[in-house]
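Please read the structure below before turning to the comments.
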Amino acid sequence: MEIADEVPGETVKLQIKFGGETIRMSMLTDSTIADLKELLKSSTNVLPRGQKLIHKGKVLIDSNTLRTSEIKNGSKIMLMAAEGLHQGEGPRIKNASVLSNYRKITNADRTIKFVPILATPMADSRIKRWKITRVIGLAESNLKAIPEEVWECGSSSGSCAKVLDLSNNFIRDIPINISCLTRIEKLILNSNEISDDSVSWEGLTQLKILKYLSFDKNKIIAIPSCIGDCSSLVEVDISSNLLGELPETFGNLQKLKVLHLNHNGLESLPSTLFKNCVELSTLNIHKAGITTDMLHKIEGWEDFDKRRRLKYQKQLDFRAGGSAEFDEGADQN
């Protein structure tokens, strides 16, 4: 999408980031931020008073010019829109699915607002599809919270969901309601805004047949010891978080085969991880803070290394001159 200011003079080219889309504009350096917002109204359907423009971590002030705001040629500006301050059919964004959760209402004074849709035939149809397929697919849905209708898929054993995919959203909380999904085997929570204190770990421990759990790319600093009660877990992915340590109860996960810990700040691993998790054969610790020397000192390392070597022997055989030493990234291949 391209917008050009037709007034001659010294101009700068801008990149406005909004809703996953880049709006490219050219404007005079003497134009004000208010002028910029007015131009953006036509391309985004967001009223100027509902626009927040951010450049280099600072909110831009309406009365300032582009020059005094230190905006130069090629500058990137983020546009954030306040809810309810839209014109026409609401904000124009690349992924319009966010609007599917809202309904437009025209007030008596002819202003427009968007309110959440609580129940619609489409929502009912979605629930039926989830129950038939036993897969709740809500990835990339611009969600800030888990929809209430999700919990309905755990009410009857014959149609309970087995997979819940909430990846690539803006979800912050995993409430106690998660315990309703008693037949869930795969829980995918990648790329959200989840922190450890916003997760009902007690609810997660009620998922007695959960085999796959992924919290990749979130904001988790610590994991409560009750994770050890999720005894059916086979694969866990908590890569790209802020973890400093794992609870010793990870050693209780005796069915665990695959553990992804890449890109964390770990200072150690549970002392019983290798000794008790006798099926563990894949450990990814790339840029996780764990060294090979640290691994060698953990009880049960030798047995784990034998399992790892056995599982990947064929792959190693194809590597010309490949080393049999532990490679912290090798298990990803």
Practice item. Give the intermediate values and the outcome of salt bridge (Lys or Arg N to Asp or Glu O under 4.0 Å) for residues Lys219 and Glu193. Key: CA-CA 6 Å; Lys219 300 178 179 179; Glu193 301 290 331; 2.6 Å; yes
Would one find more than 12 heavy atoms of other residues, nucleotides or ligands at under 6.0 Å from atom [atom1] of [X]?
{"X": "Glu245", "atom1": "CD", "answer": "no"}
{"X": "Arg307", "atom1": "CZ", "answer": "yes"}
{"X": "Gln15", "atom1": "CD", "answer": "yes"}
{"X": "Glu279", "atom1": "CD", "answer": "yes"}
{"X": "Lys208", "atom1": "NZ", "answer": "yes"}

Practice item. Considering only NZ, NE, NH1 and NH2 on the basic side and carboxylate oxygens on the acidic side, decide whether Asp293 and Lys297 come within less than 4.0 Å. Key: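 No, Asp293 and Lys297 are not salt-bridged.
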Review point. Do Ser271 and Glu248 have side-chain N/O donor and acceptor atoms under 3.5 Å apart?
Key: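 Yes, Glu248 and Ser271 have a side-chain donor paired with an acceptor closer than 3.5 Å.
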Review point. Does one side chain, of Asp197 or Ser195, offer a donor that lies under 3.5 Å from an acceptor on the other?
Key: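 There is such a pair (donor and acceptor under 3.5 Å, judged by atom type) between the side chains of Asp197 and Ser195.
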Check your understanding: With sequence neighbours left out, what residues match Asn276 under side-chain hydrogen bond (donor to acceptor under 3.5 Å, both in side chains)?
Key ->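 Residues passing side-chain hydrogen bond (donor to acceptor under 3.5 Å, both in side chains) with Asn276: none at all.
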Point to revise | Atom pair NZ (Lys37) and CG (Asp62), whose distance is rounded to the nearest 0.5 Å | key: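 If we round to the nearest 0.5 Å, Lys37:NZ and Asp62:CG are 3.5 Å apart.
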Exercise for review: Enter the distance from His260:NE2 to Asn284:CG here, rounded to the nearest 0.5 Å.
Suggested key: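 Between His260 NE2 and Asn284 CG, I get 5.5 Å after rounding to 0.5 Å.
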Exercise for review: Under 4.5 Å between side-chain heavy atoms, chaining through other members, with only Ile, Leu, Val, Met, Phe, Trp and Tyr counted: pull out the rest of the cluster around Val163, sorted by chain and number.
Suggested key: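 Members besides Val163, by chain and number: Val135.
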Exercise for review: Over 60° means perpendicular and under 30° means parallel, so classify the ring planes of Trp201 and Phe215, tilted if in between.
Suggested key: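 Because their plane-to-plane angle lies in the 30° to 60° range, the rings of Phe215 and Trp201 count as tilted.
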Practice item. Decide whether Ile227 and Leu266 are clustered together by the hydrophobic rule: side chain heavy atoms of Ile, Leu, Val, Met, Phe, Trp, Tyr closer than 4.5 Å, transitively. Key: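 Yes: a chain of side-chain contacts under 4.5 Å links Ile227 to Leu266.
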[X] versus [Y]: any side-chain heavy-atom pair under 4.5 Å?
{"X": "Leu280", "Y": "Leu259", "value": "yes"}
{"X": "Leu207", "Y": "Leu213", "value": "no"}
{"X": "Lys41", "Y": "Glu38", "value": "yes"}
{"X": "Val236", "Y": "Tyr212", "value": "no"}
{"X": "Ile146", "Y": "Leu143", "value": "no"}
{"X": "Phe274", "Y": "Leu295", "value": "yes"}

Practice item. Could you walk me through whether Ile238 and Ile223 pass the side-chain contact (heavy atoms from CB on, under 4.5 Å) test, one step at a time? Key: CA-CA 10 Å; Ile238 37 182; Ile223 296 178; 3.6 Å; yes
